[in-house]
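First the structure, in the form of structure tokens, and then the observations on it.
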There are 2 protein chains.
Amino acid sequence: MTGTRWLDDREMAAWKAYLTASHLLERRVEEQLKADAGLTHAQYEILARLSAAPGRRLRMTELAHGVVVSKSGLTYQIDRLEKRGLVERSTCPSDDRGVLAVLTDRGAECLERTAPGHVAVVRELLIDLLTPGELETVTRVMSRVETATRAAAR
Amino acid sequence: MTGTRWLDDREMAAWKAYLTASHLLERRVEEQLKADAGLTHAQYEILARLSAAPGRRLRMTELAHGVVVSKSGLTYQIDRLEKRGLVERSTCPSDDRGVLAVLTDRGAECLERTAPGHVAVVRELLIDLLTPGELETVTRVMSRVETATRAAAR
DNA sequence: GTGGAGTTGTTCAAATTCGAACTATGTGGG
DNA sequence: CCCACATAGTTCGAATTTGAACAACTCCAC
């Protein structure tokens, strides 16, 4: 409590640049997905994760963890996606409490249709701006942040 | 439309790590500010920007631009902060349409009280995890992202 | 000056998010 | 077997965010 270690100029510049850019990027991605496919970024991530999962299905909790959204937030989004026929709910064979979110064929098609535009934006506004070395640094740094944040959340 | 340049493994790893970590970090920052001061991260950023501005005041539009929030979003947050006495609205002398958001003494005190805990989290979950070189890379990269995103938003 | 185009900030409805409370189910110790 | 405790998802209310529509004002060209 004696003294706070404030951010020096370099640190402050890094934090500010990170904050501003991450918000702008998120806004732009959200905007593109909404315009092109009527999807939230969260919804897109859900479809993408399911698509990559074995059997195109994942437990709700696991999915929420992966997408980084609250349990109730995931329930809400799965409701939306189910109403649009992009996802189905299925009971979990090994645990009666559990629910499996399953990607439907329509969901897979929607993802296929939407992915190119999404990837283009991600490239244009992030990936293609980085040298291979910078890309590697970003991966390393952000993995460290993930670890630290998950540890702090216990 | 012929072919999409998909993300290769390295690129995908970078994007995934970035996405996950940035969401987790945002969540944690939000949580800390809410618990310690009853503030949103957006609200904290507003107070911080005003505090650093000459005369502790900024035009609404300028502030919205800096904090990366929509005009209506800023109106809402300034309403909240005004009700708590942390910010005041003042007419702009040079432009009758304009509104100046002004940090009050109470607002400054609130910021002073809140800043140490906030900085601690930012350090713990980001800044202190980076080497000086990584810090510099993050700043450089994210500045580039900001430029690209703002350019794309015209 | 005057008209039209652009800016500024607010209002409004809709969508999304979260945490807390709740229901139902699994699990381990006695 | 049974109870206490932990886990899985949902429901609910509150807060926040956005874009579109709107009213008021500035500014420039004529």
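Numbered from 1 within each chain, the chains take letters A, B, ... in sequence-line order.
Comparing the start and finish of the helix from C:dG1-D:dC30 to C:dG30-D:dC1, five pairs each, the helix axis swings through 30°, to the nearest 10 degrees.
Nucleotides of DNA chain C that come within less than 4.0 Å of any heavy atom of chain B span, from the 5' end to the 3' end, C:dG6 to C:dC18.
For residues 28-39 of chain A, the salt bridge (Lys or Arg N to Asp or Glu O under 4.0 Å) pairs, not counting sequence neighbours, are A:Arg28-A:Glu31. For residues 79-123 of chain A, the pairs satisfying ring pair (Phe, Tyr, Trp, His ring centres under 6.0 Å) are A:His41-A:His118, A:Tyr44-A:His118, with sequence neighbours left out. Legend: ring pair (Phe, Tyr, Trp, His ring centres under 6.0 Å) pairs involving residues 82-106 of chain A, not counting sequence neighbours: none detected. For residues 7-21 of chain A, the set of pairs meeting the salt bridge (Lys or Arg N to Asp or Glu O under 4.0 Å) definition, not counting sequence neighbours, comprises A:Glu11-B:Arg123.
Listed by chain and number, the residues in a side chain to side chain contact (heavy atoms under 4.5 Å, CB included) with B:Arg106 are B:Leu86, B:Thr104 (sequence neighbours excluded). Not a single ring pair (Phe, Tyr, Trp, His ring centres under 6.0 Å) links B:His23 to another residue, sequence neighbours left out. Partners of B:Ser72 according to the side chain to side chain donor-acceptor pair (under 3.5 Å) rule, which considers only residues two or more places apart in sequence or in another chain, are B:Ser70.
Taking the charged nitrogens against the carboxylate oxygens, A:Arg140 and B:Glu134 do have a contact shorter than 4.0 Å, which makes a salt bridge.
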Distance-only donor-acceptor pairs under 3.5 Å for side chains of residues 109-117 of chain A, two or more places apart:
from, atom 1, to, atom 2, distance (Å)
A:Thr114, OG1, A:Cys110, O, 2.7

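Under a 4.5 Å side-chain heavy-atom criterion applied to ILVMFWY residues, the cluster that includes B:Tyr76 comprises that residue alone.
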ask   = When you check every protein heavy atom under 4.0 Å of nucleotides 9-22 of chain D, what one-letter string (B, S, -) results, 5' to 3'?
value = BBB---SBBBB---

